[in-house]
Amino acid sequence: MGFADQRFNVNLSILFTELPLLERPAAAAAAGFTAVELWWPWVDSPVPERSGLHALKRAIEDAGVRLTGLNFYAGQLPGPDRGALSLPGEESERFRANIDVAADFAASVGCTALNALYGNRVEGVDPAEQDALALENLVLAARAADRIGAILLIEALNKPESPLYPLVSAPAAVEVVDKVNEATGLDNARFLMDLYHLSMNGEDLPAVIERFAPKTGHVQIADSPGRGAPGTGSLPLEDLLDRLNKAGYDGWVGLEYKPGDRPSAEAFGWLSR
């Protein structure tokens, strides 16, 4: 087992960002990847112009790669925001306006995983009110995902970098997954297991894998500390991915790390090793 036995895709919102968006799919293909994933690319627009959507679709298809994961609108990401769906008012409405747009785009390129970032706590708003709004919006998102034959992903982030985000442990995120599945009866909500975020929270990663692999719909990796490529930190990523395989996870592993002070195309040397 080891890295050679994994199915890796590359996140084009953190790698190849030195290039314009429409050039990134081809750059990923040139680096040897057959699949890519994206955060919502239009951070200021949950409902972008159709021409922008069509251009991105063409860029993905012309590159010969598959889009295997897409975030719903999540506000300024990268930036101060960590999602929109639990924020009362305008941001929640922007998330709702984006649901069918993101789902329809995903369907047009054969993408079957949609990630919904929960959103930060808001000062002066009852957390229970935010959680109720979040469940309403996640139910809508799960139904849209089901309409196109996709799963809905719910992600735990890390508290040091996202101190206002409430889902900062694997159990907290999986609890929301279970609530969404109970509310919809669709059973298409899944945990997004980001090993970097969980390690930053100090979680017991082998225990998390053993307990939650059956509820995991996608895995993302970066080394820790530093969020760099495998081998730049101290996470035993090969071992952890082997554990995931043995626990039954056979899906994509998203490379969501920073390339460092070099072109992204040079940040994959660890794969050849």
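- Applying the side chain to side chain donor-acceptor pair (under 3.5 Å) test to every pair with at least one member in residues 144-153, sequence neighbours left out, gives these pairs: D100-R147, D104-R147.
- L271 is connected to L244 through a chain of hydrophobic side-chain contacts under 4.5 Å among Ile, Leu, Val, Met, Phe, Trp and Tyr, so both are in one cluster.
- Listed by first then second residue, pairs satisfying ring pair (Phe, Tyr, Trp, His ring centres under 6.0 Å) with a partner in residues 80-105 read F72-F95, not counting sequence neighbours.
- Hydrophobic clustering of Ile, Leu, Val, Met, Phe, Trp and Tyr side chains at less than 4.5 Å, counting indirect connections, keeps L164 apart from M200.
- I148 has its side chain within reach of L114: a pair of non-hydrogen atoms, C-beta onward, lies under 4.5 Å apart.
- For the ring pair (Phe, Tyr, Trp, His ring centres under 6.0 Å) test, residues two or more places apart in sequence or in another chain that qualify with F33 are F268.
- Annotation: salt bridge (Lys or Arg N to Asp or Glu O under 4.0 Å) contacts involving residues 262-271, sequence neighbours excluded, are absent.
- To the nearest 0.5 Å, atoms CG (L85) and CD (E91) are separated by 10.5 Å.
- Side-chain contact between N9 and Q220 is absent, with no heavy-atom pair separated by less than 4.5 Å.
- The ring pair (Phe, Tyr, Trp, His ring centres under 6.0 Å) search around Y73 returns none, not counting sequence neighbours.
- Criterion: ILVMFWY side-chain heavy atoms under 4.5 Å apart, direct or through other members. Under it, Y257 and L192 are not part of a common hydrophobic cluster.
- Side-chain N/O atoms of E256 and W39 include a donor and acceptor closer than 3.5 Å.
- The distance from the CG atom of D204 to the CD1 atom of I209 is 9.0 Å, given to the nearest 0.5 Å.
- Summarising the geometry, atom CG belonging to L38 is positioned 9.5 Å from atom OG1 belonging to T68; distances are rounded to the nearest 0.5 Å.
- Taking OH of Y249 as the start and CD of Q6 as the end, the distance is 9.5 Å to the nearest 0.5 Å.
- Put simply, the side chain of L67 does not reach to within 4.5 Å of the side chain of L56, judged on heavy atoms.
- In this structure, Q130 CD and L135 CG are separated by 13.5 Å, a value rounded to the nearest 0.5 Å.
- The list of salt bridge (Lys or Arg N to Asp or Glu O under 4.0 Å) pairs with a residue in residues 129-138, not counting sequence neighbours, reads R96-E136, R121-D131.
- Side-chain atoms of P160 and N201, non-hydrogen and from C-beta on, do get closer than 4.5 Å to each other.
- Heavy atoms of other residues, nucleotides or ligands lying less than 6.0 angstrom from CD of Q76 number more than 12.
- The shortest side-chain heavy-atom distance between W40 and L70 falls under the 4.5 Å cut-off.
- The shortest side-chain heavy-atom distance between L167 and L157 does not fall under the 4.5 Å cut-off.
- Every pair passing salt bridge (Lys or Arg N to Asp or Glu O under 4.0 Å) that includes a residue from residues 35-62 is listed here, sequence neighbours excluded: K57-E61.
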| message | For N115 and N71: C-alpha separation, side-chain torsions, deciding distance, then whether side-chain hydrogen bond (donor to acceptor under 3.5 Å, both in side chains) applies. | response | CA-CA 4 Å; N115 184 27; N71 282 19; 3.2 Å; yes
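- Not a single side-chain hydrogen bond (donor to acceptor under 3.5 Å, both in side chains) links T184 to another residue, sequence neighbours left out.
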| field | Trace of the salt bridge (Lys or Arg N to Asp or Glu O under 4.0 Å) decision for D239 with R243 | value | CA-CA 6 Å; D239 174 68; R243 288 174 182 267; 3.0 Å; yes
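- In this structure, the side-chain contact (heavy atoms from CB on, under 4.5 Å) partners of S45, at least two apart in sequence or on a different chain, are W42, P48.
- To the nearest 0.5 Å, atom CG of residue L240 and atom CG of residue N245 are 11.5 Å apart.
- Put simply, the side chain of V65 does not reach to within 4.5 Å of the side chain of R24, judged on heavy atoms.
- Counting heavy atoms from C-beta on, the side chains of V101 and P46 never come closer than 4.5 Å.
- Applying the salt bridge (Lys or Arg N to Asp or Glu O under 4.0 Å) test to residues at least two apart or on different chains, the pairs with a partner in residues 149-177 are E175-K179.
- Contacts classified as ring pair (Phe, Tyr, Trp, His ring centres under 6.0 Å) and involving residues 196-246 (residues at least two apart or in different chains) are not found.
- Residue pairs meeting the side chain to side chain donor-acceptor pair (under 3.5 Å) criterion with at least one partner in residues 14-23, sequence neighbours excluded, are E18-S264.
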